[in-house]
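Chain naming here is simple, since letters A, B, ... match the order of the sequence lines and numbering starts at 1 in each. Nothing here was measured: the structure is a model prediction, and the numbers come from that model. Hydrogens, waters and symmetry mates are skipped; everything else that's a heavy atom, side chains included, is used.
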Amino acid sequence: MGNSLNGRTILVTGAANRIGKAIAIAAANEGATIALHYNHSAEQAIITAKEIEQLGSQVACFQANIASLEDVQKMHKAIEEQLGSVFGVINNAGYGQMKSFFDYEPNEWKQEIDVCLNGVLNLAYTFVPSMKEQQEGKFITIVGDSARTGDRKLIVSAAARNGVISFMKSLAQEVGRQHIQCNTVSLGLIDQDDLQIGEDMYRKIVKGYPLQRLGKPGDITGMMQFLLSEQSDWITGQVFSINGGHSMLG
Amino acid sequence: MTNKVAFITGAGRGIGRQIALTLAAKNITTIVSDVNDANANETVALIEQAGGKAFAVYCDVTKLSSVEEAVQEAVSKLGRIDILVNNAGWDKIEPFLKSEPSTWEAILNINLLGQIHTCKTILPLMIENGYGKIVNISSDSGRVGSSGEAVYSAAKGGVIAFTKTLAREMARHKINVNSIAPGPADTPLFKEIGEYNAGIAEALIKAIPFRRLAQPEDIANAVAFLSSEEANYITGQVLSVNGGLAMV
Ligand SMILES: NC(=O)c1ccc[n+]([C@@H]2O[C@H](COP(=O)([O-])OP(=O)(O)OC[C@H]3O[C@@H](n4cnc5c(N)ncnc54)[C@H](OP(=O)(O)O)[C@@H]3O)[C@@H](O)[C@H]2O)c1
Ligand SMILES: NC(=O)c1ccc[n+]([C@@H]2O[C@H](COP(=O)([O-])OP(=O)(O)OC[C@H]3O[C@@H](n4cnc5c(N)ncnc54)[C@H](O)[C@@H]3O)[C@@H](O)[C@H]2O)c1
């Protein structure tokens, strides 16, 4: 347990379960106050919040559909009332379908773009202005490596997230003079014991990972902690992959 | 992380010195190697003053035999090497068409062959120990190019490609190989460059979203992260630490 985030409020979106939950717990372990966002997973959010409380950290849960700017603005107000100003936002919430583009109905792709791309825009539009006032802040977004490499079965979410990467770079340029760091973390496949693929398929996928295993949520938390800390204050506009070596770009 | 041993090249001054100080502050015993013995000894003294453990060794990265001797000396003292930071580097900024073959040779030898020499010598030790973290210092010029740094950027681009291939070959041995690409940093090298390029610092600062040069600490913190257990699933990657100057 460290104290690098003592007195800092960190918003993690989609933090009721899985990767978001692991990130929220790791930030709480560093002393952060956690604004725990969820959309549908109300019960799970409460369970996660209890776990965080047991670590001795302050936490509150906030519901929002991040595809709705109005929802995000309401959430912002509620967080500021309950927890004070937000130092860091981790855009973890995401939605993607795994299928060929030609199996989509017309406009069925809208929801993925609304969550993955517009969701990040909504959060930036709402949360970054108060960071500018504070002259500090960390705005971090998670994407998948498919956003950088393409993936025929993740064609829409990958496109939306490539847009996010570009948005994050422009945003970093816009708010650099207010000492706000904006960075993107790009993930390979993370195994959370629910992949629902056979052993043969698993072995085949792992072959594409030089470190010869899939990721786990714990592989991501160290990077998040680093990017939230002052150790990374000169790093902005960058995309960094955590992927066991699956792709090596740039 | 306790009792780990790090071998750092060009650790006599600038970024390398700060990397040694930062790793030593994390309980890592550092082997401070450089061609300049006096500077290396000064880095060791600074580490010891701060309560850390360090040894100086002479190492000219451009010569494989010098690297082999330095590594042998380090291993006979400390038994092993867990972390290698390839930091030694040098550049002379000038238009490519004005540059001389002797300058190209020096630049390629220090920046690219130097890292090849240390990896060739130290990787077998890491493989034997089943553990290793290598951080190669490249440069943003190797990712996006930089006027006046044609051969240097070729060498640093080479470092990046070398890093990725080693990462692939070494993954089975649980050795992570990554690269940090610094943007312009406030170091003795940069001051040297400023002496024959008036106004370069001011011009760069204007172009950097954070409106300042890097301090060696900025780079050293990122090296510390990549050489830690927190980064075990990260390999073959390049991280720019540049205040937003280039975004790849
Ligand atoms: N798992 C992987 O292998 C992998 C690989 C690459 C990238 N990623 C990315 O990493 C992040 C975390 O991964 P994960 O597997 O933990 O994600 P996940 O379970 O698929 O989704 C995270 C959360 O996003 C929230 N969410 C979805 N639509 C939303 C909306 N309209 N408004 C607000 N929240 C919404 C959900 O919250 P509720 O449950 O509360 O509704 C969900 O719990 C995601 O962005 C994912 O795309 C994951
Ligand atoms: N300063 C910058 O703006 C900048 C930007 C991008 C990348 N870099 C890179 O960062 C690294 C460190 O740069 P710095 O600014 O601290 O440089 P520096 O010149 O201040 O320090 C470099 C050190 O390397 C040593 N060295 C030189 N030749 C050597 C050799 N043959 N064998 C062993 N050691 C040798 C020097 O004695 C010196 O101690 C270099 O790889 C450099 O290319 C620096």
Side-chain angles (χ1 to χ4, degrees), chain A residues 26 145 148 165-166 168-188 190-191 208-227 229-250, chain B residues 22 140 142-144 160-161 163-183 185 207-226 228-248:
Chain A
D145 256 11
R148 311 180 78 185
I165 291 175
S166 166
M168 292 293 290
K169 291 178 182 177
S170 305
L171 183 68
Q173 292 174 25
E174 167 87 16
V175 300
R177 64 193 66 184
Q178 280 93 27
H179 314 290
I180 300 164
Q181 290 79 25
C182 308
N183 291 295
T184 304
V185 174
S186 177
L187 305 180
I190 308 299
D191 183 1
Y209 286 75
L211 287 176
Q212 285 167 19
R213 65 171 174 88
L214 297 182
K216 42 188 189 336
D219 291 317
I220 303 157
T221 50
M223 173 69 79
M224 290 300 159
Q225 203 178 306
F226 175 64
L227 290 177
S229 76
E230 59 183 28
Q231 311 287 297
S232 61
D233 275 355
W234 213 56
I235 298 177
T236 199
Q238 305 302 315
V239 187
F240 206 28
S241 283
I242 304 176
N243 63 13
H246 184 59
S247 74
M248 304 184 182
L249 302 170
Chain B
T22 300
D140 262 7
R143 304 186 90 181
V144 299
I160 290 171
T163 299
K164 292 176 183 178
T165 299
L166 276 190
R168 292 182 190 280
E169 289 190 12
M170 292 301 137
R172 75 192 62 183
H173 303 292
K174 306 258 174 304
I175 297 170
N176 303 62
V177 191
N178 291 293
S179 179
I180 298 285
I208 297 172
F210 281 154
R211 296 289 187 279
R212 66 171 176 90
L213 297 176
Q215 292 303 318
E217 289 85 349
D218 293 311
I219 316 298
N221 289 332
V223 172
F225 170 63
L226 285 179
S228 76
E229 302 306 303
E230 311 277 60
N232 278 347
Y233 199 56
I234 299 174
T235 201
Q237 305 301 316
V238 186
L239 176 59
S240 283
V241 182
N242 63 14
L245 183 59
M247 304 185 182
V248 181

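Within 6.0 Å of atom CD in A:E174, 12 or fewer heavy atoms from other residues, nucleotides or ligands are found, so the atom counts as exposed in its surroundings. Heavy-atom contacts from other residues, nucleotides or ligands closer than 6.0 Å to CZ of B:R211 number more than 12.
A donor-acceptor pair under 3.5 Å is absent between the side-chain atoms of A:D145 and the main chain of A:N243, judged by distance alone. The main-chain N or O of B:E230 is found under 3.5 Å from a side-chain atom of B:S228 such that the two form a donor-acceptor pair. The main-chain N or O of B:V177 is never found under 3.5 Å from a side-chain atom of B:T163 such that the two would form a donor-acceptor pair.
B:A231 does not touch chain A: none of its heavy atoms, backbone or side chain, sits under 4.5 Å away. Residue A:Q225 touches chain B through its side chain alone, counting heavy-atom pairs closer than 4.5 Å. For B:F210, the parts lying under 4.5 angstrom from a heavy atom of chain A are both the backbone and the side chain. Heavy atoms of A:Q212 lying under 4.5 Å from chain B belong exclusively to its side chain. Residue contact with chain A, scored on non-hydrogen atoms closer than 4.5 Å, involves the side chain of B:N176 exclusively. With a threshold of 4.5 angstrom between heavy atoms, A:I180 approaches chain B through N, CA, C or O but not through any side-chain atom. For A:S229, no part sits under 4.5 Å from any heavy atom of chain B, backbone or side chain. Within the 4.5 angstrom heavy-atom criterion, atoms from both the backbone and the side chain of A:Q231 approach chain B. At a 4.5 Å heavy-atom cutoff, the contact between A:L249 and chain B is made by backbone atoms alone. Using a 4.5 Å cut-off between heavy atoms, A:S232 makes no contact with chain B at all.
Chosen from A:P210, A:G218, A:A172, the residue pairing most often with chain B at heavy-atom distances under 4.5 Å is A:P210. Considering only heavy-atom pairs separated by less than 4.5 Å from chain A, the leading option among B:D218, B:L245, B:I219 is B:D218. Per-residue heavy-atom pair counts under 4.5 Å with chain B were compared for A:Y209, A:F226, A:W234, and the maximum is reached by A:W234. Counting heavy-atom pairs closer than 4.5 Å to chain A, the top residue among B:M170, B:E169, B:R143 is B:R143. By number of non-hydrogen pairs under 4.5 angstrom with chain B, the leading residue of A:H179, A:Q181, A:H246, A:E230 is A:Q181.
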Could you go through B:L226 and B:I234, starting from their C-alpha distance and side-chain angles, then the distance that decides it, and tell me whether this counts as side-chain contact (heavy atoms from CB on, under 4.5 Å)? CA-CA 8 Å; B:L226 285 179; B:I234 299 174; 4.1 Å; yes

Carefully, step by step, assess A:V185 and A:I242 under the rule side-chain contact (heavy atoms from CB on, under 4.5 Å). CA-CA 7 Å; A:V185 174; A:I242 304 176; 3.8 Å; yes

Report the C-alpha separation of A:N183 and A:F240 in whole Å, then their side-chain angles, then the decisive distance to 0.1 Å, and conclude whether the side-chain contact (heavy atoms from CB on, under 4.5 Å) test is met. CA-CA 8 Å; A:N183 291 295; A:F240 206 28; over 6 Å; no

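A side-chain donor-acceptor contact under 3.5 Å links A:R148 and A:S241.
The CD atom of A:Q238 lies 4.5 Å from the CG atom of B:N242; values are rounded to the nearest 0.5 Å.
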